[in-house]
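Taking it in order: structure first as structure tokens, then the write-up.
Because only heavy atoms are used, hydrogens play no part in the values below, and waters and symmetry mates are left out as well, while side chains stay in. First the proteins, then the strands, lettered A, B, ... as listed; each starts at 1.
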Amino acid sequence: MATKDLPKKYNSLDTEKKWIDNWEKEGVYKYDAEASREKTYVIDTPPPTVSGSLHVGHVFSYTQTDIVARYQRMKGKNIFYPIGWDDNGLPTERRVQTLYGIRCNPTLAYDENFQLKKAKDGTKDQKEVSRKNFLEACEVQTGEDEKKYEALWRHLGLSFDWEQQYETINDHSRKISQASFLDLKDKGYVYSSKSPTMWDTTFQTAVAQAEVEERDKSGHYHDITFKTETNESFVISTTRPELLAACIAVVAHPDDERYQHLFGKHAITPLFHAKVPILPAEHADPEKGTGILMVCTFGDTADVDFWKSSDLPLKQIIGRSGKLVEITFGEDVFNSEKPVEANKVYSQLVGLYAKQAKKVMADLLAESGDLVGEPRPTEQIAKFYEKGDQPLEFISTRQWFIKILENKSSLIEQGKKIKWYPEHMYKRYEQWVEGLNQDWCISRQRFFGVPFPVWYKLDAEGEPKYDEPIYATMDMLPVDPQMDTAPGFDESQRGKANGFMGDPDVMDTWATSSVSPQVSSHWTIDDKRHAQLFPADLRPQAHEIIRTWAFYTITKSWMHEKKVPWHNIAISGWVVNPDRKKMSKSKGNTVTPEDLIETYSSDALRYWAGKAKLGQDTIYDENVFKIGQRLGTKVFNASKFVMMQLEDEEGNPCQATMADITEPLDKAWVTKINKLIEDSTRSFDKYEYNIVLSNVEASFWEFCDLYVELVKTRAYKQREQASGKSAQATLEWTLKTFLKLFAPFLPFICDEVWSWSFAQKEDQPSIHKAPWPAVETGEAFTQSSTQLIDLAKEVMMVARGEKSTQQKSLRWPVEEMIVEGTKEHLDSFATFAGDIALATNLKNNPVTKEISSKPEETFFNVKVTLSETKE
RNA sequence: GGGCGUAUAGCUCAGUUGGUUAGAGCACCUGCCUUACAAGCAGGGGGUCAGAAGUUCGAAUCUUCUUACGCCCACCA
């Protein structure tokens, strides 16, 4: 394309649209299944959670990965860069519940005529629908969201191979997840057990240690008088008086002098009159409260641990919904000296939520005189499910677990085999694994997830025989035990005595996410593909999910194949507010990524992401978008200008080649850019793309403001001579090199400029498939000293400075130029004196003065005198 | 309480293995229409490198301590 046909102004939106379509049409980012493993670069892309919208934080980290992918592609690698959508799991369920005003009731039958309608905002009414209807609604909603996500990713220029797209809930992902479960079962890493588990009462599901967070919570100490069977009394402090009915023991520290006389005796709980043992226990802290406390099933993990190591009964009074369940004192484990009274008291508590029961209990204790003084406020820390707003309870339920505690040291070893960027992020992994104290609970009592490929036989009473699970076989996957019949049974036997039932639970989302490399590699389905794609080269992810996603993925890869899932892991930082706290979604959503792209361009957003160091948090600052936007415009304008130098009056392209570069200044410039190429490649290989961008950016502005200014006249006016051809060849090569160096960061403007002439010349329609720039190895460029450039810069600065000081335009003529320096300096100067004369508009030949060398001083000195008139 | 990170110009950030006078962009000031670009160009002011001590001929950089902030973890009656 001749420069006269180029648009006057750069329009980023039009350009983006054009290239998004072109890339798709040309299949630029397609993965080649036939390439060898060595030639392939595999990225284990994080599937973003489908929860309505993406924010600037996503743009930030996904772009950083794309920059690496584009670099590797230009290095000649066959890129495997898939994208998945994490639509499986609780976030989707919650969204569907509020958006459509429906709730899943698995006991209902499927309603074929059910019409899905958006609910009015703020409505609390939720219609109950069958499991199948609910799951269909989830799929409709995630399908909508995924379309929006895809549009943004395409607009941002992420170079995914869209043919590799997947959802974590689709049949393929279910199949791999279930295969993973069965493989771990075969290898002995999976077990199910009924034991106290952290339980969220709102979502009514078990949760894993990794999904738990601690929050401050205000509570009250209640001092309650206990009596012993021999009528001695003592006072315990508790923040959970509502659990009094679940009290199984009273404990104090074994060395606590104050309570020695009580050990071995029994206490009688107030109001419920239950006889419980008084025992020594290490976890009782003499400094806290009164030093003696009640153990309930279950107030906290200390209670759980104590209960597990004792033979004491389980008194479960908190139900799955967080309400106090019906129990009868005098029956089963609920012993009482005065059952009638106890039941009378309990009848005022039953059916209440724990929080309500706490108040009622306090009142009852006050009434009976067992409460000492008023409850005292205290700040405590409570465990919460990260997505929940009620504290977790410990409830004894049957769950599936993966054995991680006994494998901690192996898992730490696996972590060490992976290269972490930045390196210190490994510490977080190590510390997390070392601190683990529970096996991984992978079952959830939810619906929109991957079901366990398991059924249970029912006995003559219709009770499930959990110790005799019926597992699906690999060839049956994926299965839904709620819909598919257990092997060896007939569907009519479902739920009947001596029949079967499907395992009602689904897997934790992470149980699927943790096989993301295997989902992509088609593990257990396509051995050839798996061998080509596993282990992956790179896992990009954020640091807060090292304990979940990274850890679980490493765990599963080790359990399945004794391999690491990837060789490198790159941890991105967060986008933070000026107060250095993580940018909240609500704030991020006030300006959507689409708005920002329209205002500043995709390349500008990518520039912002590319300037940030891996692992380092970045303050959200729209100024950086502006700078990126200006860089894009500059690339456009400068490229247009350089192209002009490479054409004759009719717009025919010049034919200068590298062999035409003969002028010393031009050779020095090529040498300088050679060094930039070298440095950039080295930094990129260490995932330090931000350094590359900074260096390339700085060099590019120097190219525009110094080198181009120096040689433009020569290139244009002496186009038929060797000196002109030398400048033209250098300009062309430099521009091409800059475009390639910028291409991973600014893919749109770079491909646009590339298409003007390089695409034809190089026979490569997209710069993103063009080879990464190589150092020019000709002797002319390796022997040249870049000092020439520094000297030229010095002279230009003096001339420009003088004009600026005298408030004259840069075209103002220079009457006289005196250059002082050593012989070496002057010889160097002579090689580009002609360019200087043209660039500074010098009227007379420069006057040179040789001075003898004094090694410890600088003696290159330039003086200019401006003309009196503009002529 | 334990671990990790960060602290450099008013703001956002570079600063490689210690090495001249610590850099860039934005903002600010003074000018300038120059074969593309005023979304540009030229010039300028602005820093006790969080603080203290140490190692060294030499420290923003290495060591120790302190302070502030952020993140992760820890049984939280």
What parts of residues 599-615 of chain A reach RNA chain B, counting only heavy atoms under 4.0 Å away? A/K613
[atom1] gap between [N] and [M], integer Å:
N: B/U17; M: B/A7; atom1: C1'; answer: 24 Å
N: B/G23; M: B/C37; atom1: C1'; answer: 26 Å
N: B/C62; M: B/U55; atom1: C1'; answer: 8 Å
N: B/A68; M: B/C75; atom1: P; answer: 26 Å
N: B/U21; M: B/C65; atom1: P; answer: 31 Å
N: B/G15; M: B/U20; atom1: C1'; answer: 16 Å
N: B/G46; M: B/C28; atom1: C1'; answer: 9 Å

Do NZ/NE/NH1/NH2 and the carboxylate oxygens of A/D300 and A/R240 come within less than 4.0 Å? no
Are any of the side-chain nitrogens in A/K675 or A/E678 under 4.0 Å away from the carboxylate oxygens of its partner? no
Other residues, nucleotides, ligands: >12 heavy atoms within 6.0 Å of [X] [atom1]:
X: A/E423; atom1: CD; value: no
X: A/K419; atom1: NZ; value: no
X: A/K793; atom1: NZ; value: no

Note: for A/K427 and A/K634 on RNA chain B, the residue whose nearest nucleotide lies more 5' is A/K427
First of A/Q645 and A/T618 reached from the 5' end of RNA chain B, by closest nucleotide: A/T618
Which protein N or O atoms sit under 3.5 Å from an N or O of nucleotides 26-31 of chain B?
from: B/C26; atom 1: OP1; to: A/R630; atom 2: NH2; distance (Å): 2.7
from: B/U30; atom 1: O2'; to: A/Q807; atom 2: NE2; distance (Å): 3.2
from: B/G31; atom 1: O5'; to: A/Q807; atom 2: NE2; distance (Å): 3.3

For a quick check of understanding: with a heavy-atom distance under 4.0 Å over all strands, which category does [X] fall into, base, sugar-phosphate or nothing?
X: A/I691; result: sugar-phosphate
X: A/T239; result: sugar-phosphate
X: A/Y221; result: sugar-phosphate
X: A/K686; result: nothing
X: A/S237; result: base
X: A/E430; result: nothing
X: A/G628; result: nothing
X: A/D285; result: base

Mind listing the closest non-hydrogen atom pair of [X] and [Y] along with its distance?
X: A/S680; Y: A/V692; value: O-CG2, 3.4 Å
X: A/M643; Y: A/S757; value: CE-OG, 3.7 Å
X: A/I317; Y: A/A246; value: CG1-CB, 3.8 Å

Under 4.0 Å from OP1 or OP2 of B/A42: is there any side-chain N or O of A/R800 that close? yes
Closest to the A/S809 side chain, choosing from B/C32, B/C75, B/C37: B/C32
Treating a pair as Watson-Crick (purine N1 to pyrimidine N3 plus N6-O4 or O6-N4) or G-U wobble (N1-O2 and O6-N3) with both distances under 3.5 Å, list the stems of 3 or more consecutive pairs that involve RNA chain B. B:1-7 with B:67-73, B:10-13 with B:23-26, B:28-32 with B:40-44, B:50-54 with B:62-66
Non-neighbouring partners of A/W440 that pass ring-ring contact (aromatic ring centres under 6.0 Å, His included), sequence neighbours left out: A/Y552
Would you say the rings of [Y] and [X] are close, in the sense that their centroids are separated by under 6.0 Å?
X: A/Y429; Y: A/W420; value: yes
X: A/W756; Y: A/F636; value: yes
X: A/F684; Y: A/F745; value: yes

Show me the donor-acceptor pairs, under 3.5 Å and distance only, between side chains in residues 290-297 of chain A and residues at least two apart or in other chains.
from: A/T290; atom 1: OG1; to: A/V235; atom 2: O; distance (Å): 2.6
from: A/T290; atom 1: OG1; to: A/I292; atom 2: O; distance (Å): 3.3
from: A/T297; atom 1: OG1; to: A/K315; atom 2: N; distance (Å): 3.1
from: A/T297; atom 1: OG1; to: A/K315; atom 2: O; distance (Å): 2.5

Heteroatom pairs (N/O) under 3.5 angstrom, protein to nucleotides 67-72 of chain B:
from: B/C71; atom 1: O2'; to: A/R428; atom 2: NH1; distance (Å): 3.1

